[in-house]
Undergrad: 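Structure in structure tokens, see below.
In what follows, every chain begins at residue 1, and chains take the letters A, B, ... in the order their sequences are listed. Computed from a prediction, not measured in an experiment: that's the story for all the values here.
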Protein chains: 2
Amino acid sequence: MPRDASTPDAPARRNPPRARTGRPPATSREEILAAARLVIERDGWERLTVRRLAAELGIGTTTLYHHVRDREDLLVQLLNEHTDRTLRPDLPDDPRDRVVAAAVAMHDSLAAWPWAAEILTTDGFLARLGEPALRVVETIVAAAIEHGCTEEQAVHLFRSVWYYTVGEILVRARTRDRRPDALQPGALRPGAPGPGDPFFGDGVDMSRLPTLAAVGDRWPALAAQDTYASALEAFVDGLFARAAADRQG
Amino acid sequence: MPRDASTPDAPARRNPPRARTGRPPATSREEILAAARLVIERDGWERLTVRRLAAELGIGTTTLYHHVRDREDLLVQLLNEHTDRTLRPDLPDDPRDRVVAAAVAMHDSLAAWPWAAEILTTDGFLARLGEPALRVVETIVAAAIEHGCTEEQAVHLFRSVWYYTVGEILVRARTRDRRPDALQPGALRPGAPGPGDPFFGDGVDMSRLPTLAAVGDRWPALAAQDTYASALEAFVDGLFARAAADRQG
DNA sequence: ACCTGAACACCGTTCAAGT
DNA sequence: ACCTGAACACCGTTCAAGT
């Protein structure tokens, strides 16, 4: 029976107070996470599989399952380690600005690791977050209450901001770079849209969609502009205004 | 060389004006989509694979690739057919209300099919949408312009609303039902959180997260409440206000 | 006490050949 | 003109055994 795979190695295990019995461990949580980062950096995020990671470490695939519960557990541990290192927001005094700053910090930390997209939406993800990430959640909910929200409104506000943030990261992570010089696999496939093709209307009659037809090929360029923070501010202001109105009656 | 797999069968093919040569087609786009819907309804969305779908139709796996370009193309066709049937929003006269109504209609149509989550974020998804879905995009962008937005602001507004909507659908689709009577696979696994366990703080010191500690176990119940439409209204109002302020200087 | 080969039960996609 | 078996190149996960 393996020891609990999702818990970090107990200190006693790494600094044994007495001689251990049996085989020494072939690897550790730290080595596994380091190897995973190496694979991601060297071969790309798509190449990080349980089998590949084991091969990278020179251990049997099965052995990995003594240190991580499953693939998802590996990913959550990797992300928690990443937020541990990168999520240190500067927090303004004003509660409204604090909500925005905390959300932007969370967004930037997650968006910097495209593979985060794969686990952002898994069940109970929020509850599996490590302390640095939970601190940001705490910051947002507490600031919303400080601004005048009820506890319930504050939780709803966080959740709405979270949906927006997750959606932005997910869509962006899967949107291939459309710069003209970006050479993509499949870019020259006969069916693939090229620079000369219209963005909308592959077989659609655009005469009944005049606004989209007018935007036309400018859509991808407009969509590529980063308006996350500015729309977030609008969202937070709108949510605060609505919450205040709801409290009034 | 197969004919273009992503285009619907030409009418001439289904009603041949003269005798065809060669083998008659073993299946059609319509039969494939109908079989896919059957597999989803009967076996669940996770079970819809290219191989299973071919087996369901009684044809070789390879044959399917004459009718769909790849798995993603199958999914997009399936979703376009779904929106074709379900996306018929009632549109109010007021532009602001029209943006909200169109976004809610789009949300409800997509949220009703949990498997939509898998393709919502694929590259160029918006451009591959069918006419009913594009009509909703048109509605939102046009209404934003009617409300006073520039074309650019209107596109950005749509995109922000889209991120929020996609995030909501994705997170909800992957959040398992937490009602006490919901029996889940793995629910009795030793490591899985039970009703008695705290929601937050699996190994985290909650004393430094007082607000989350105070919310505690009530979080999942609060998170389960549907506030999509109400937060959407706040978002749209906030975006309109900000766009107006930006135009002022 | 810890590690592992081999197997289970699958995937999406493509090639070279049928019919 | 249309269809297909077989293969390619993989997956995550688990079992019954090693050492």
Side-chain angles (χ1 to χ4, degrees), chain A residues 1-6 9-10 12-14 16 18-29 31-32 36 39 43-76 115 118-119 122 185-186 189-191, chain B residues 1-6 9-10 12-14 16 18-29 31-32 36 39 43-76 118-119 122 185-186 189 191:
Chain A
M1 177 97 106
R3 59 201 154 83
D4 183 2
S6 71
D9 301 335
R13 176 154 294 288
R14 270 174 283 160
R18 62 190 68 196
R20 275 176 286 176
T21 51
R23 265 209 216 185
T27 190
S28 65
R29 199 186 81 100
E31 278 179 317
I32 289 170
V39 170
D43 306 327
W45 149 244
E46 306 77 16
R47 296 313 215 249
L48 180 68
T49 63
V50 175
R51 289 169 113 105
R52 239 172 225 271
L53 181 55
E56 181 69 39
L57 286 157
I59 61 172
T61 312
T62 324
T63 311
L64 218 49
Y65 281 89
H66 289 268
H67 297 89
V68 295
R69 182 154 46 213
D70 51 26
R71 184 178 142 81
E72 194 181 298
D73 181 55
L74 169 70
L75 266 27
V76 171
W115 49 264
E118 204 175 305
I119 49 165
T122 52
R189 205 177 29 171
Chain B
M1 180 96 106
R3 61 200 153 84
D4 182 1
S6 70
D9 300 336
R13 176 155 296 287
R14 269 175 284 157
R18 64 191 66 199
R20 278 175 285 176
T21 50
R23 265 210 216 182
T27 189
S28 66
R29 198 185 84 98
E31 277 179 317
I32 289 170
V39 170
D43 305 327
W45 149 245
E46 306 78 16
R47 295 314 215 248
L48 180 69
T49 65
V50 176
R51 290 169 112 106
R52 238 171 226 271
L53 181 55
E56 181 70 38
L57 287 157
I59 61 172
T61 311
T62 324
T63 310
L64 217 49
Y65 281 88
H66 290 267
H67 297 90
V68 295
R69 183 155 45 213
D70 51 25
R71 184 179 142 80
E72 194 181 298
D73 181 54
L74 169 71
L75 265 27
V76 172
E118 204 175 302
I119 48 164
T122 53
R189 206 177 27 172

Undergrad: Apply side chain to side chain contact (heavy atoms under 4.5 Å, CB included) to residues B:Leu75 and B:Leu48 and explain how you reach the verdict.
TA: CA-CA 10 Å; B:Leu75 265 27; B:Leu48 180 69; 4.2 Å; yes
Undergrad: Remember a base hit wins even if backbone is also touched, and classify A:Thr49 as base, sugar-phosphate or nothing at under 4.0 Å, heavy atoms.
TA: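 Touches sugar-phosphate only.
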Undergrad: Once you round it to whole Å, what is the distance between P of C:dT4 and CG of A:Leu53?
TA: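 In whole Å, C:dT4 P and A:Leu53 CG are 13 Å from each other.
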Undergrad: Could you give the distance separating C:dC8 and D:dA9 at their P atoms, to the nearest angstrom?
TA: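 Comparing P positions in D:dA9 and C:dC8 gives a spacing of 22 Å.
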Undergrad: Evaluate the criterion side chain to side chain contact (heavy atoms under 4.5 Å, CB included) for residue pair B:Leu53 and B:Leu74; output intermediate values, then yes/no.
TA: CA-CA 11 Å; B:Leu53 181 55; B:Leu74 169 71; 3.7 Å; yes
Undergrad: Sort me out a list of protein N/O and nucleotides 14-16 of chain D N/O pairs below 3.5 Å, or just none if empty.
TA:
| unit_1 | atom_1 | unit_2 | atom_2 | d |
| --- | --- | --- | --- | --- |
| D:dT14 | O4 | A:Thr62 | OG1 | 3.4 |

Undergrad: Side chains of B:Thr63 and B:Leu57: closer than 4.5 Å at any heavy-atom pair?
TA: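 They are not in side-chain contact.
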Undergrad: C:dG12 C1' sits how many Å from B:Glu46 CD, rounded?
TA: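 Those two atoms, CD and C1', are 18 Å apart.
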Undergrad: Please name the pair of heavy atoms, one in B:Val50 and one in B:Tyr65, separated by the smallest distance, quoted to 0.1 Å.
TA: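 Shortest heavy-atom contact: CG1-CE1, 3.7 Å.
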Undergrad: For B:His67 and D:dT4, what is the distance between atoms NE2 and P respectively, to the nearest whole Å?
TA: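 It works out to 10 Å between those atoms.
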Undergrad: Taking the same atom, C1', in D:dA6 and in D:dC10, what whole-Å distance lies between them?
TA: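 Going atom to atom, C1' in each nucleotide, I get 16 Å.
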Undergrad: Over how many whole Å does the gap from B:Leu48 atom CG to C:dC10 atom P extend?
TA: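 Taking CG of B:Leu48 and P of C:dC10, I get 15 Å after rounding.
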Undergrad: Distance check needed: C:dC2 P versus A:Glu31 CD, whole Å only.
TA: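 Computing the A:Glu31:CD to C:dC2:P distance gives 15 Å.
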Undergrad: Please report, rounded to the nearest Å, how far the P atom of C:dC11 is from the CG atom of B:Leu74.
TA: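 The distance from CG of B:Leu74 to P of C:dC11 comes to 14 Å, rounded to the nearest Å.
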Undergrad: With respect to the side chain of A:Arg71, which nucleotide from C:dT4, D:dT13, C:dT13 is positioned closest?
TA: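 The listed nucleotide nearest to A:Arg71's side chain is D:dT13.
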Undergrad: A:Asp70 has an atom CG; how far is it from atom C1' of D:dC11, in whole Å?
TA: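 After rounding, the gap between these two atoms is 14 Å.
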Undergrad: Check for a donor-acceptor pair, side chain of A:His67 on one end and backbone N or O of A:Ile32 on the other, with a separation under 3.5 Å.
TA: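 A pair under 3.5 Å: no.
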Undergrad: Which part of the nucleic acid, if any, lies within contact of B:Arg47, taking any heavy atom under 4.0 Å across all strands shown: a base, the sugar-phosphate backbone alone, or nothing?
TA: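 Since no nucleic acid heavy atom lies under 4.0 Å of B:Arg47, the category is nothing.
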Undergrad: Between A:Arg52 and B:Arg51, just flag the one whose closest nucleotide in DNA chain D comes earlier from the 5' side.
TA: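 This one resolves to B:Arg51.
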Undergrad: What is the distance, to the nearest angstrom, from the NE2 atom on B:His66 to the C1' atom on D:dT4?
TA: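 Value for this atom pair: 8 Å.
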